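This structure is a prediction, so every number in the text was calculated from the model and none was measured.
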Amino acid sequence: TISANALLGAFSKKGKLTEAREHLEKIANPSPVSFNIMLRAYIENGHLHKARNMFDKMSNPDVAAWTQVIQAYSDHGELDEARKLFDRAPNRDSVAWTVMVTAYAQKGNIHEARTLFDRMLDKDPKAWTAMIKAYSRNERLLDARRLFDQMPVKDMMSRTSMITAYARKGDLEEAKSLFDECKERDSVLYTVMMKAYSQHGKVREAKALFDEMPYKNVLCWNSLLTLYVKNGYFEEAKDVFLDMPSRDVVSWTAMIKAYGDNKQGKEAIKLYHRMEGEGVQPDHVTFVCMLEICAELASLQQGEAVHRRIRRSKYRNFTTVLNALVHMYGKCGCLSEAKAVFTEIRNPDEFSYTALMSACYHNEQYWEALQMVPHMVQQGILPN
RNA sequence: CUCUGGGGAUGAUAAG
């Protein structure tokens with residue numbers, strides 16, 4: 001059963017849902033894990049509905065099944081449904097609690113995140129680290145530090161999280177001081193410090209850290225690439241892109257964006273096609289970047305081509321992608337298409353409304369743009 | 001003690 005499950009997982013990763021389904025039916029003694037993998041396959045491939053259907057039919061879903069459905073709702077912005085399931089679950093382990101804490105943190109509800117964290121009985125380092133990050137991403141650096149200091153056993157990941165918080169805020173000194181205190185340093189820690197230096201324009205110092213890394217995976221190389229792009233070293237970035245041992249979708253996307261930022265949108269689009277030609281699949285960020293470039297070029301033709309590509313992908317329902325589509329159509333003079341895409345957004349956020357407003361703006365519908373404000377407030381989304 | 005779910009690092013979306 002275990003090797004059958006591994007195969008099932010492989011089908012899932014490749015997005016081959018029908019094969020996965022057929023394979024599951026052929027497994028003689030499917031275990032709970034088998035069903036969980038199938039559940040996961042639906043979720044990962046953007047079929048939350050099918051996942052929920054399957055989950056509802058499961059006779060005795062275990063805590064892992066509950067947890068991944070909860071997380072799926074959270075990832076789709078449906079926090080209320082996630083919470084309902086969390087409260088209904090027959091039992092909750094530390095994974096489930098941490099998922100729920102993170103879910104609230106992502107929605108900006110730091111208070112509820114902390115309430116849940118405090119109710120947790122056996123807090124492992126992962127739970128602590130999640131809560132530190134929750135404060136960090138919600139601009140609550142002092143609370144993050146207080147929690148960090150209260151942590152009974154600090155591991156490298158919690159330290160990295162804390163250093164990231166300082167780096168985000170631009171507090172290079174405090175970041176460096178914590179970094180220096182670390183006895184163990186892996187490359188993740190180095191990339192965080194690189195980012196801190198990068199934000200201060202200290203390119204040489206950041207590069208020195210890169211050279212010191214104990215190992216260099218593609219993520220480390222991507223950090224170097226970004227260091228150069230963000231600081232305006234376009235030529236160096238191109239060199240790194242060519243020299244790095246392997247390139248993933250992040251590398252390609254960063255480089256596509258770099259061309260776009262340097263007013264070479266046409267080159268960026270060419271690079272995108274090279275990426276697909278090499279078998280690297282674009283993801284939601286790639287699509288957003290591409291749409292941004294099409295919008296900048298005001299090229300409806302290119303924008304529509306990207307839209308068609310998106311429709312074939314599992315990112316077609318992502319709010320960020322739809323937001324970028326709204327903006328692209330607006331910028332290209334298709335206000336009606338922009339509005340049509342907007343209606344497809346299941347959970348519009350502040351960016352969705354701003355994108356729609358910008359679409360009205362670019363098409364000189366100023367009164368309509370203003371009317372969006374009461375509309376979004378009605379939906380509980382406050383203008384920033 | 002690599003069959004499924006949670007924690008740290010890299011790329012992204014509005015206005016200007």
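Residue Lys195(A) places at least one side-chain N or O under 4.0 Å from the OP1 or OP2 atom of G11(B). For the OP1/OP2 pair of U10(B) and a distance below 4.0 Å, the side-chain nitrogens and oxygens of Lys257(A) include no atom meeting the criterion. Residue His362(A) places none of its side-chain N or O atoms closer than 4.0 Å to OP1 or OP2 of A14(B). Look at Tyr259(A) and you won't find any side-chain N or O under 4.0 angstrom from OP1 or OP2 of G11(B). Close to G6(B), at under 4.0 Å from its OP1 or OP2, lies no side-chain N or O of Lys126(A). Listed pair Lys230(A) / G11(B) meets the phosphate criterion, a side-chain N or O lying under 4.0 Å from OP1 or OP2.
Checking G5(B), G7(B), A12(B) against the side-chain heavy atoms of Met157(A) singles out G7(B) as nearest. Across G8(B), A12(B), A14(B), the shortest atom-to-atom separation from the side chain of Lys133(A) is found for G8(B). Listed nucleotides: G5(B), G8(B), A12(B). Nearest to the side chain of Ala96(A): G5(B). In the set G6(B), U13(B), G11(B), the nucleotide with an atom closest to the side chain of Gln71(A) is G6(B). Ranking U10(B), U13(B), A9(B) by closeness to the Thr226(A) side chain, first place goes to U10(B). Relative to the side chain of Val188(A), the nucleotides G8(B), G6(B), A12(B) differ in distance, and G8(B) lies closest. Considering only side-chain atoms of Thr98(A), the nucleotide from U13(B), U10(B), G6(B) that sits closest is G6(B). Closest contact between the side chain of Asn36(A) and the listed nucleotides G6(B), G11(B), U4(B) involves U4(B). Taking only side-chain atoms of His284(A), from C-beta outward, the nucleotide of A12(B), U4(B), G8(B) with the closest atom is A12(B). The nucleotide whose nearest atom lies closest to any side-chain atom of Leu219(A) is, among U13(B), G8(B), U10(B), U10(B).
Side-chain atoms of Thr320(A) and Asn323(A) include no donor-acceptor pair closer than 3.5 Å.
With hydrogens and angles left out, the side chain of Asp93(A) and the base of G6(B) share no donor-acceptor pair within 3.5 Å. The base of G11(B) lies outside donor-acceptor range of the side chain of Asp248(A), with no N or O pair under 3.5 Å. For a distance-only test at 3.5 Å, the side chain of Ser358(A) fails to qualify as a donor-acceptor partner of the base of A14(B). Asp155(A) contributes a side-chain N or O that forms a donor-acceptor pair with the base of G7(B) under 3.5 Å.
Using atom C1' as the reference point in both A9(B) and G5(B), the two lie 22 Å apart (nearest Å). Atom C1' of U10(B) sits at a distance of 23 Å from the matching atom of A14(B), rounded to the whole Å. G7(B) and C3(B) are spaced 22 Å apart, taking the C1' atom of each and rounding to whole Å. Using atom C1' as the reference point in both G8(B) and U4(B), the two lie 23 Å apart (nearest Å).
The pair Arg52(A)-Glu78(A) does not count as a salt bridge, with every side-chain nitrogen at least 4.0 angstrom from each carboxylate oxygen.
A cation-pi arrangement, defined by a distance under 6.0 Å to the six-membered ring centre and an angle within 45 degrees of its axis, is present between Arg92(A) and Phe86(A).
One interatomic measurement links the two molecules: CE of Met100(A) to C1' of G6(B), which rounds to 13 Å at whole-angstrom precision.
Among the atoms of the strands shown, none is found under 4.0 Å from any heavy atom of Ser3(A). Within 4.0 Å of Ser161(A), counting heavy atoms only, lie sugar-phosphate atoms of the nucleic acid but no base atom. At a threshold of 4.0 angstrom between heavy atoms, the contacts of Asp75(A) with the nucleic acid are absent. Contacts of Asp62(A) with the nucleic acid, taken as non-hydrogen atoms under 4.0 Å apart, are absent. Using a 4.0 Å heavy-atom cutoff across all strands shown, Thr286(A) reaches at least one base atom of the nucleic acid.
Between Tyr190(A) and Phe179(A), the ring planes lie perpendicular to each other; the angle is over 60°, past the 30° to 60° tilted range. The aromatic rings of Tyr353(A) and His375(A) sit tilted relative to each other, their planes meeting at an angle between 30° and 60°.
Partner of Phe234(A) under the ring-ring contact (aromatic ring centres under 6.0 Å, His included) criterion, out of Phe241(A), Tyr228(A), Tyr259(A): Tyr259(A) alone.
Sparse packing is recorded around CG of Asp122(A), with 12 or fewer heavy atoms of other residues, nucleotides or ligands lying under 6.0 Å away.
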